[in-house]
Enquirer: 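Starting off with a structure, shown below.
Heavy atoms only: backbone and side chains are in, while hydrogens, waters and symmetry mates are out.
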Amino acid sequence: MRLADIKSKSLRLADAGKVFAEFEGSYRVGNTTCTVKPIKMAFEIRWARGHGAMRFFFDHTTPNGEPVFVSEDSDRGVDRFIFQDNGYHSGKFIRADGKVFVVKQLRYGSSDLFKAPP
């Protein structure tokens, strides 16, 4: 097997030396907020104006290096988070109906020590 044959869906060789943050914490999505918590092989999303939790999974990285997370498929389709960088500080949320919302990280994890940059 050659090194060029080794590929990963979530990590390209060009990114091997970079430090990746975790998709977790509090986020502003449009005019509401959500809390993201890693669980096993997924991410649990709880919306401020919702009931229950949604599960999102890492899907792929775009050619521009943007990580994409998708929700479990439902009868209405999938929702997507697309982040501008591997720090998960900002990006967009595309709802299954196509409506797009701006995403900004408010707080990382459960500690105020790790606030997202302004």
Side-chain angles (χ1 to χ4, degrees):
M1 179 179 282
R2 298 176 309 145
L3 183 59
D5 296 331
I6 300 172
K7 295 181 180 177
S8 170
K9 187 175 183 182
S10 62
L11 181 64
R12 298 180 315 220
L13 288 177
D15 294 329
K18 295 180 183 175
V19 175
F20 293 90
E22 186 72 45
F23 178 32
E24 73 174 305
S26 299
Y27 290 83
R28 174 155 307 284
V29 179
N31 62 359
T32 191
T33 60
C34 69
T35 302
V36 180
K37 179 174 120 180
I39 55 166
K40 297 189 182 190
M41 298 299 292
F43 300 88
E44 180 182 85
I45 312 292
R46 292 191 177 271
W47 297 97
R49 297 181 187 168
H51 301 287
M54 294 178 71
R55 289 193 179 172
F56 278 73
F57 302 89
F58 176 80
D59 187 51
H60 69 281
T61 300
T62 69
N64 295 333
E66 300 169 323
V68 178
F69 294 83
V70 297
S71 67
E72 291 178 304
D73 197 358
S74 66
D75 58 347
R76 61 182 180 78
V78 297
D79 299 321
R80 289 179 172 78
F81 280 98
I82 302 175
F83 289 95
Q84 293 175 343
D85 61 27
N86 289 318
Y88 310 115
H89 300 302
S90 63
K92 60 187 171 182
F93 178 79
I94 304 172
R95 204 166 57 191
D97 64 6
K99 186 159 181 165
V100 178
F101 301 90
V102 172
V103 174
K104 181 155 177 73
Q105 187 178 39
L106 300 174
R107 190 174 65 195
Y108 176 79
S110 60
S111 172
D112 286 333
L113 297 175
F114 300 104
K115 287 192 177 183

Enquirer: In terms of relative ring orientation, are Phe101 and Phe93 parallel, tilted or perpendicular, with 30° and 60° separating the classes?
Expert: tilted

Enquirer: Residues sharing Ile94's hydrophobic cluster, by side-chain heavy-atom contacts under 4.5 Å among ILVMFWY, directly or via others?
Expert: Val68, Val70, Ile82, Val100

Enquirer: Check ring-ring contact (aromatic ring centres under 6.0 Å, His included) between Phe56 and all other residues, then give those that pass, not counting sequence neighbours.
Expert: Phe81

Enquirer: Looking only at heavy atoms, which two atoms of Gly77 and Ala96 are closest? And how far apart?
Expert: C-CB, 3.9 Å

Enquirer: Among all residues two or more places apart in sequence or in another chain, which pass the side-chain hydrogen bond (donor to acceptor under 3.5 Å, both in side chains) test with Arg46?
Expert: Glu44

Enquirer: From Tyr27 OH over to Ser90 OG, what is the distance, rounded to the nearest 0.5 angstrom?
Expert: 10.0 Å

Enquirer: Under 4.5 Å between any side-chain heavy atoms of Gln105 and Phe23, yes or no?
Expert: no

Enquirer: Checking Glu72 now: which residues fulfil side chain to side chain contact (heavy atoms under 4.5 Å, CB included) with it, not counting sequence neighbours?
Expert: Arg55, Phe57

Enquirer: What pairs with Val102 under side chain to side chain contact (heavy atoms under 4.5 Å, CB included), at least two apart in sequence or on another chain?
Expert: none

Enquirer: Donor-acceptor pairs under 3.5 angstrom involving side-chain atoms of residues 29-42: please list them, not counting sequence neighbours.
Expert:
none

Enquirer: Quick check for you: to the nearest 0.5 Å, what is the distance between Glu22 atom CD and Asn86 atom CG?
Expert: 11.5 Å

Enquirer: Does anything in residues 94-103 form a side-chain hydrogen bond (donor to acceptor under 3.5 Å, both in side chains)? List the pairs, not counting sequence neighbours.
Expert: Arg95-Asp97

Enquirer: Backbone N or O of Pro67 within a donor-acceptor pair of the Tyr88 side chain at under 3.5 Å?
Expert: no

Enquirer: Quick one: CZ on Phe43 to CZ on Phe58, what's the gap to the nearest 0.5 Å?
Expert: 9.0 Å

Enquirer: Keeping to residues at least two apart or across chains, list the salt bridge (Lys or Arg N to Asp or Glu O under 4.0 Å) pairs with something in residues 80-94.
Expert: none

Enquirer: Show the nearest heavy-atom pair for residues Glu66 and Phe83, with the distance to one decimal.
Expert: CB-O, 3.0 Å

Enquirer: Among all residues two or more places apart in sequence or in another chain, which pass the salt bridge (Lys or Arg N to Asp or Glu O under 4.0 Å) test with Arg49?
Expert: none

Enquirer: How long is the gap from OG on Ser26 to CG on Leu106, to the nearest 0.5 Å?
Expert: 6.0 Å

